[in-house]
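Working notes, structure below.
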Amino acid sequence: MKKVVLLFAVAAGISAAGQSQEADSLSVTRLGEVVVQGEKPQVRGEGGIMVVDLPAIVSDKPVTNVLEALGYLPGVMNNNGMIWLTGASNVTIILNGELTNMPLQNLYQLLYTTPVDRLKTVEIMYSAPARYHVDGAVINVVLKTPSPLDGLQGQVRGGYNQAHYASFGGALSATYAVTDWTFDLNYGLSRTRSWSREEAYSNHLYDGSRTMIVDDMRRIGRNLTNTIYAAAGWKSLRLTYNGQITSASRTKSVSSGTLGNYTNDYDYVTPVNYHNIALRYKSPRGTTVGGDYTIYSEQRTQNLAKEGALILQSRNRQKIGRGHLYIDQQHQAGKWQLSYGAEYQHSVDRSAHNYITGDRPDFDNKLREDVASVYAGVERSFDMGLSFNFSAKGEYFHNSYQHNWNFMPQLGATYYRTPKSIFQLNLSTLRKYPSYWELHGGTGYINDYSVVQGNPLLQSYIDYSAQLSYIFSQKYVATLYLQYGDRAFVQLPYQSPNALRLVYQTINMNYKRTMGLNLYAPFDVGNIWNATVTANVFSQREKADHFHDISFDNRKLVFYGSLSNSVAFSRNSPLSVSVDFSYISPSLQGIAGLSGIWKMDAGIKWRFGSSRCCELDLKADDIFNSWSPTMTISHAGQDYRMKVYDMTRNLKLTFIWRFNGFKPRDTTVDTSRFGTGK
């Protein structure tokens, strides 16, 4: 799901007036006032990095937090809260140039509680330099830094979300600085209820005949989530804590169909805990030393019943401790900047899956993992308009099942004759690892027919990517890209030939390849109507010689398009309205085909109060509830179809109060591998 662009030109007007008069018998000509009206650049480029003025782009949009704002970046799509970057198989979000090392769900929750007013700028790096300690593509969210002159600043937010069920939450954000100290606090509390529905038709070939198995499943979930981010800095020393505690969590599924009526209850015995503390120091001589430690734990029970009679009870437990240390050094040698460093990460995953009833295999073991790497890099800018960064990292990976050596180079380059015509080239490599839970090889039961199996033989894989971008007038972006995942993995349903059983298991394919063209074009009319057109055309190919006991080689040409509009009723109107449209044509995932989907969103933003310190946002997402695909598998004897009826339509009402301006002066990852529900 990607994005793209058209090109438009915007003219700036210059008016001048001249007048003459007589003074002391001399003719004097005076030049009147000159008014220049122009546009602030939205996109700049240097060293293979796109710097985007995101606060200006979303100023009239009904967005209240950083997570929602990221969806308006060039090449970025926010798909129901999941951030995707066109031309990159994976994107890591970092804050102020620092990797957070938090699970994806926790990071998104933090971004959701961070007000959009904290944004200073955003950097898009398709190939991040190794000194960021991130492989592949990166979105660097740069927040404003408070100064002692600003005093205590902050924002209070409360919101209500009506989907199938109602959810609500609130957040407090505050910053403060005094002498050499800076303080940052972000706290969010949300009470969430979710609902989804899947209708599956499995025409299963077994023992020479076919059996049609129909299953209509509804899932209901609830939880109470506390998210905390706190940071204290003194000069170049910074201590950060981020955590998330999820309590009162429960998921229940109810299904009916050919096999009967089932209920499947997942209850979390204890709150799900995530805690991370990090310390970072940067010396005046260019040395940066840092480290962090993460603790994650969860424990849940499963009770599966058929026609009201209990048929299975199980208990899952996971506790992870992970430590991470790094050291970086930078030197300036004339116009050359040299960097090198090393990092080490050690984790211990203690997980168990025990069946209380039934004679089924379970596990209770410990998985250790070590990753060590060294890197070197160079950056340089030339007067001719060329700038680049190049780095190479050597990495050693080891766990209880496998070990390997990796060499991962990264290149980012920018060339321009004038700021209005910029070319960028990015080349990167990225190794992707499976979740901890999958590697234990346990089996989870959805019902008597469908199971989820782990895979100790699952291998990590390397993803290669290349992007060539053209930035015109610091607004319009065209990106030609190629992605190649060697031994990429995928999880899809598979009808076993040996039993009436539907198996979900993550398996390595031969490869997956995507290449396409993405276009992004913003334009406005009289500062009243602001719109952005995105279009992306790409070719998919995914191949596997051994998907269980069959093979496939699928190809598809896909189109993604979106149009976002916002209208302000005057230049300084406190009221703005937005209407957005998105469409994805039929696509594929491994052996499966996915139907086309579309949606329409609309919203209103109203700013009022003294200095417009208050804001009220009303937003309706996916008004027609059409952003859910149908998955179809019809290949090599496999005959399966699943229609998703998720409640993607929701209505959000948010109130914001900013105190003391909350506009500090500018004084200056990979997907989650945690969780037992894989």
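- In this structure the side chain of Val66 never reaches within 4.5 angstrom of the side chain of Arg118, judged on heavy atoms.
- When all heavy atoms of Ala231 and Arg238 are compared, the pair lying nearest together is CB-NH2, 3.2 Å.
- Taking every heavy atom of both residues into account, Leu411 and Ser127 meet most closely at O-OG, 2.7 Å.
- Using the six-membered ring where Trp is involved, Tyr241 and His275 have ring planes that are parallel, under 30° apart on the 30 and 60° scheme.
- A distance-only check finds no donor-acceptor pair linking the side chain of Asn96 to the backbone of Glu98 [under 3.5 Å].
- Thr86 contributes a side-chain N or O that, together with a main-chain N or O of Gly75, makes up a donor-acceptor pair within less than 3.5 Å.
- Shown are Val134, Val122, Leu70; of these, the side-chain contact (heavy atoms from CB on, under 4.5 Å) with Ile93 is made only by Leu70.
- Summarising the geometry of Gly321 relative to Tyr293, their closest heavy-atom pair is CA-OH, 3.7 Å, with the distance given to 0.1 Å.
- Put simply, CD on Glu542 and CG on Leu588 are 5.0 Å apart, with the number rounded to the nearest 0.5 Å.
- Within a 6.0 Å sphere centred on CZ of Arg541, heavy atoms belonging to other residues, nucleotides or ligands number more than 12.
- Contact of the Gln474 side chain with the Arg44 side chain is registered, since non-hydrogen atoms from C-beta on lie closer than 4.5 Å.
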(message) The test is side chain to side chain contact (heavy atoms under 4.5 Å, CB included); show your working for Tyr274 and Val272 and say whether it passes.
(response) CA-CA 7 Å; Tyr274 169 85; Val272 179; over 6 Å; no

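- In this structure, the separation between CD on Gln318 and OH on Tyr436 is 9.0 Å, given to the nearest 0.5 Å.
- Remark: Tyr416 OH is loosely packed, at most 12 non-hydrogen atoms of other residues, nucleotides or ligands lying under 6.0 Å away.
- In this structure the side chain of Ser351 never reaches within 4.5 angstrom of the side chain of Leu367, judged on heavy atoms.
- Here the side chains of Ser421 and Tyr470 are in contact, with some heavy-atom distance below 4.5 Å.
- Looking only at atom types and distance, the side chain of Asn276 has a donor-acceptor partner in the side chain of Thr294 under 3.5 Å away.
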(message) side chain to side chain contact (heavy atoms under 4.5 Å, CB included), that's the test. Do Leu279 and Leu237 meet it? Break it down for me.
(response) CA-CA 8 Å; Leu279 184 65; Leu237 182 66; 3.9 Å; yes

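- Classified by interplanar angle (parallel below 30°, tilted 30° to 60°, perpendicular above 60°), the ring pair Tyr396/His398 is parallel.
- The OG atom of Ser391 lies 11.0 Å from the OH atom of Tyr132; values are rounded to the nearest 0.5 Å.
- Side chain of Asn455 to main chain of Glu438: no donor-acceptor pair is present (N/O by atom type, distance under 3.5 Å, no hydrogens or angles).
- Checked by atom type and distance alone, the side chain of Gln424 pairs as donor or acceptor with a backbone atom of Ile49 at under 3.5 Å.
- In this structure, the side chains of Lys144 and Thr175 stay at 4.5 Å or more apart for every pair of heavy atoms.
- Between Tyr461 and Phe489, the two ring planes are perpendicular [angle over 60°; tilted spans 30° to 60°].
- The distance from atom NZ of Lys393 to atom CD of Glu343, rounded to the nearest 0.5 Å, is 5.5 Å.
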(request) Evaluate side chain to side chain contact (heavy atoms under 4.5 Å, CB included) for Glu68 paired with Val116, printing each intermediate quantity in order. (result) CA-CA 9 Å; Glu68 292 175 336; Val116 70; over 6 Å; no

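- Heavy-atom neighbours of His546 NE2 from other residues, nucleotides or ligands within 6.0 Å: at or below the threshold of 12.
- Looking at every heavy atom in both residues, Ser89 comes nearest to Gln483 through N-NE2, 3.0 Å.
- Counting all heavy atoms, side chain and backbone alike, Asn406 lies closest to Ile462 at OD1-CD1, 4.4 Å.
- Annotation: Glu46, atom CD; neighbour count of heavy atoms from other residues, nucleotides and ligands within 6.0 Å does not exceed 12.
- Side-chain N or O atoms of Asn78 include one that pairs as donor or acceptor with a backbone N or O of Leu67 at under 3.5 Å.
- Between the side chain of Arg380 and the backbone N or O of Phe388 there is no donor-acceptor pair closer than 3.5 Å.
- In this structure, CG on Leu239 lies 11.5 Å from CG on Asp292, to the nearest 0.5 angstrom.
- Residues Tyr126 and Tyr481 keep their aromatic ring centres 6.0 Å or farther apart.
- When side chains are defined from C-beta on, Asn404 counts as touching Ser460, because their heavy atoms get closer than 4.5 Å.
- Side chains of Thr287 and Gln329: a donor-acceptor N/O pair is present below 3.5 angstrom, by distance only.
- When side chains are defined from C-beta on, Val43 counts as touching Pro74, because their heavy atoms get closer than 4.5 Å.
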(request) For Val371 and Ser373, run side chain to side chain contact (heavy atoms under 4.5 Å, CB included): C-alpha distance rounded to whole Å, both residues' side-chain angles, the deciding distance at 0.1 Å, then the answer. (result) CA-CA 7 Å; Val371 184; Ser373 64; 5.6 Å; no

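- With hydrogens and angles disregarded, no donor-acceptor distance shorter than 3.5 Å links the side chain of Asp349 to the backbone of Trp437.
- In this structure, Asn273 and Ile295 have side chains that are not in contact, with every pair of non-hydrogen atoms separated by 4.5 Å or more.
- The minimum heavy-atom distance linking Pro434 with Leu458 is given by the pair CB-CD2, 3.3 Å.
- Remark: the Tyr375 side chain and the Asp328 side chain contain an N/O donor-acceptor pair separated by less than 3.5 Å.
- With a 6.0 Å cutoff to the six-membered ring centre and a 45° limit on the axis angle, Arg513 does not count as a cation-pi contact of Tyr511.
- With no hydrogens or angles considered, no side-chain donor-acceptor pair links Tyr326 and Arg131 at under 3.5 Å.
- Of the possible donor and acceptor atoms, one in the side chain of Asn140 sits under 3.5 Å from a partner among the backbone N and O of Gly97.
- Thr114 and Asn186 form a side-chain donor-acceptor contact under 3.5 Å, judged by distance and modelled atom types alone.
- At least one donor-acceptor pair closer than 3.5 Å links the side chain of Gln410 to the backbone N or O of Thr429.
- Atom CD of Gln330 and atom OH of Tyr340 lie 10.5 Å apart (nearest 0.5 Å).
- Looking at Thr414, its side chain does come within 3.5 Å of a backbone N or O of Gly48 through a donor-acceptor pair.
- Using cut-offs of 30° and 60° on the angle between ring planes, the pair Phe183 and Tyr176 is parallel.
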